There are 2 protein chains.
Amino acid sequence: MHNVEQQHIMLALRENRLFRLIAPTHHGALANVAQRRVIPDKTTIVRKGETGDEMFALVRGRVVMTSLSPEGKELTLGYLGAGDIFGEIAMLDGGPRTANVTAIEPCEVLAFRRNAFLQFLRECPDVAINFLTLLASRLRNTDQTLEDTSLRQLPCRLARRLINLASDFGHATMGGVKIPIRLSQQDIGSMTGATRESVNRQLREWEGRGVIALEQGYITIVDHARLSSLAE
Amino acid sequence: MHNVEQQHIMLALRENRLFRLIAPTHHGALANVAQRRVIPDKTTIVRKGETGDEMFALVRGRVVMTSLSPEGKELTLGYLGAGDIFGEIAMLDGGPRTANVTAIEPCEVLAFRRNAFLQFLRECPDVAINFLTLLASRLRNTDQTLEDTSLRQLPCRLARRLINLASDFGHATMGGVKIPIRLSQQDIGSMTGATRESVNRQLREWEGRGVIALEQGYITIVDHARLSSLAE
DNA sequence: GTTGCGCTGTGATGTATCTCACAGGGGGTT
DNA sequence: AACCCCCTGTGAGATACATCACAGCGCAAC
């Protein structure tokens with residue numbers, strides 16, 4: 001392996017939520033089992049139902065995880081950014097991929113193959129424990145989302161989503177907290193399990209009440225307190 | 001610690017899905033950090049929202065995981081039996097418990113506390129890897145359930161649930177595959193995110209068509225092929 | 001420019017479920 | 001037995017959404 005390439009990988013490892021906490025001593029070993037790849041925008045990296053023993057660490061860019069129902073309705077499971085991990089379920093349990101993952105920006109990833117990565121974990125149990133913690137948080141999130149979609153109705157779900165997006169990616173402006181991802185109402189619908197029409201009506205109503213502001217495809221949360229109370 | 005007690009714990013470890021694969025050499029170390037507890041029927045072991053750094057391995061009996069909406073609607077996340085693990089999310093990430101876990105039979109559990117257990121994992125990375133695989137499968141399941149509840153409607157969801165229950169717990173009889181758990185229609189509703197009335201109507205319809213049979217609170221799947229096709 | 005396409009906005013209508021209401025029924029307990 | 005409690009079974013609304021239908025609008029491609 002080229003030394004330059006390996007340097008590049010080690011730099012990327014330092015930014016990753018799973019690896020940044022471990023002693024740089026181990027980065028070398030890890031860099032040896034990682035493969036770096038550049039992914040063009042709009043490329044699907046893993047496809048639901050396929051088999052694959054690779055796990056990916058997102059170094060640069062953003063991806064979206066989706067699932068498609070037999071009737072063609074799309075469900076968005078979430079967005080990931082630099083430092084995140086994906087593809088870990090199939091890598092770990094050997095089953096088929098559970099979702100599609102598609103680049104929504106030009107991306108750069110590190111790929112780890114099952115055997116090599118598990119071997120690394122055996123040598124660095126602290127990383128394994130970090131990984132466990134990461135999966136636990138993922139589980140916490142999906143459990144919460146599951147609860148929301150079965151127990152709450154649209155306005156509440158939508159409010160929660162917006163708050164989540166804002167706390168994950170949002171940054172403060174004079175007008176409030178702006179969500180810096182361009183989301184069509186279609187996209188929001190597929191995140192909340194609703195149609196774009198329903199999303200449209202709800203967003204407009206909130207805009208009318210001054211809870212949020214809509215401009216050029218971006219959403220800004222104006223009255224965070226009110227939105228929180230709508231989220232219960 | 002009493003030697004008898006420790007023997008008892010080591011016996012229980014051999015039956016656990018997370019620990020049975022590891023060399024018995026390590027069972028001693030693990031038994032040292034485990035605490036055995038007997039839980040009476042209908043006792044709530046962990047409560048949603050509380051903090052707690054313990055994880056539990058179910059040795060004997062069955063428990064149900066539930067969550068309650070602010071308006072009082074209950075959602076059942078699943079049933080666990082001997083050999084299963086629960087409480088791992090809060091143990092790992094230190095956050096509040098994500099669900100209630102209640103005994104539906106007299107139970108016996110092993111409790112592991114965070115620090116001691118993580119220390120054990122550091123010494124037995126193979127267990128950590130098993131654990132990762134287990135969490136991955138859990139994620140796979142909840143992702144699937146999430147997809148079902150957002151994308152499919154009741155008949156399909158219900159069919160899937162029945163098939164799952166049958167494959168997890170069911171055993172064959174002359175009449176078909178019987179689910180040996182006593183479930184009220186209320187319970188089934190809270191598993192599928194529906195009201196008991198809707199469940200009732202659907203089950204009755206299927207009974208009329210000869211797809212399932214209902215007797216004394218137990219469900220038997222008569223025409224498995226038909227039910228599968230209803231599940232898409 | 002004009003064409004086309006994907007997004008927004010909004011009414012009219014349809015429908016899968018929930019809610020409410022009530023009538024049994026079975027199995028404990030007194 | 002009589003009582004109670006929890007479960008089942010079913011009808012008649014109410015309702016949160018989806019679906020359909022169509023008009024406008026911004027913007028990239030031609």
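Everything numeric in this text was worked out from a predicted model, so none of it was measured. Proteins get letters first, then strands, A, B, ... in listed order; numbering begins at 1 in each.
Axis deviation across the helix from C:dG1-D:dC30 to C:dT30-D:dA1 amounts to 30°, comparing end segments of five pairs, rounded to 10 degrees.
Residues passing the side-chain contact (heavy atoms from CB on, under 4.5 Å) test with B:Asp187 are B:Tyr79, B:Leu183, B:Ser184, sequence neighbours excluded. By the side-chain hydrogen bond (donor to acceptor under 3.5 Å, both in side chains) test, B:Gln186 is found to be paired with no residue, residues two or more places apart in sequence or in another chain being considered. With sequence neighbours left out, B:Arg201 forms a side-chain hydrogen bond (donor to acceptor under 3.5 Å, both in side chains) with no residue at all. Every residue meeting the side-chain hydrogen bond (donor to acceptor under 3.5 Å, both in side chains) condition with B:Thr195, not counting sequence neighbours, appears here in chain and number order: B:Ser198. By the side-chain contact (heavy atoms from CB on, under 4.5 Å) test, B:Ser229 pairs with no residue at all, sequence neighbours left out. Not counting sequence neighbours, the partners of A:Phe19 by the ring-ring contact (aromatic ring centres under 6.0 Å, His included) test are A:Phe112.
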Could you go over nucleotides 25-28 of chain C and give all protein N or O partners under 3.5 Å, atom names and distances?
none

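Nucleotide D:dA18 holds its P atom 11 Å from the CG atom of A:Leu158, rounded to whole Å. Here C:dC18 presents its C1' atom at 15 Å from CD of B:Gln202, a figure rounded to the nearest Å. Taking atom CD of B:Glu71 as the reference point, atom C1' of D:dA16 lies 14 Å away to the nearest angstrom. Atom CG in A:Leu75 sits roughly 13 Å away from atom P in D:dA18 (whole-Å rounding). One interatomic measurement links the two molecules: CD of A:Gln185 to C1' of D:dA18, which rounds to 16 Å at whole-angstrom precision. B:Arg157 places its CZ atom 12 Å from the C1' atom of C:dC18, with the value rounded to the nearest Å.
Of the charged side-chain nitrogens involved, at least one lies within less than 4.0 Å of a carboxylate oxygen, so that B:Glu147 and A:Lys48 count as a salt-bridged pair. Under a 4.0 Å N-O distance rule, the pair A:Glu50/A:Arg97 does not qualify as a salt bridge. Salt-bridge formation is detected for the pair A:Glu108/A:Arg36: a Lys NZ or Arg NE/NH1/NH2 atom is positioned less than 4.0 Å from an Asp or Glu carboxylate oxygen. Using a 4.0 Å cut-off between a side-chain N of Lys or Arg and a carboxylate O of Asp or Glu, B:Asp148 and B:Arg157 do not qualify as a salt bridge.
Regarding contacts with the backbone of D:dT8, every side-chain N or O of B:Arg204 stays at 4.0 angstrom or more from both OP1 and OP2.
A heavy atom lying under 4.0 Å from DNA chain C marks none of the residues of residues 205-218 of chain A. For DNA chain C, the residues of residues 186-201 of chain A within the heavy-atom distance limit of 4.0 Å (strictly under) are A:Arg196, A:Glu197, A:Asn200, A:Arg201, sorted by number. Applying a 4.0 Å cut-off to non-hydrogen atoms, none of the residues of residues 142-155 of chain B approaches DNA chain D.
The shortest heavy-atom contact between A:Leu58 and A:Gly81 is CD2-O, 3.6 Å. Minimum interatomic distance between B:Pro155 and B:Trp206 (heavy atoms only, all atoms of both residues): O-CH2, 3.3 Å.
For B:Arg37, the CZ atom counts as densely surrounded, since its 6.0 Å shell holds more than 12 non-hydrogen atoms of other residues, nucleotides or ligands.
Under the 6.0 Å distance and 45° angle rule, B:Arg62 counts as a cation-pi partner of B:Phe169.
No side-chain donor from either of A:Gln202 and A:Arg204 sits under 3.5 Å from a side-chain acceptor of the other.
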Mind listing the side-chain donor-acceptor pairs of residues 161-168 of chain B below 3.5 Å, one per line with the distance, residues two or more places apart or on another chain?
unit_1: B:Ser167; atom_1: OG; unit_2: B:Asn164; atom_2: O; d: 3.2

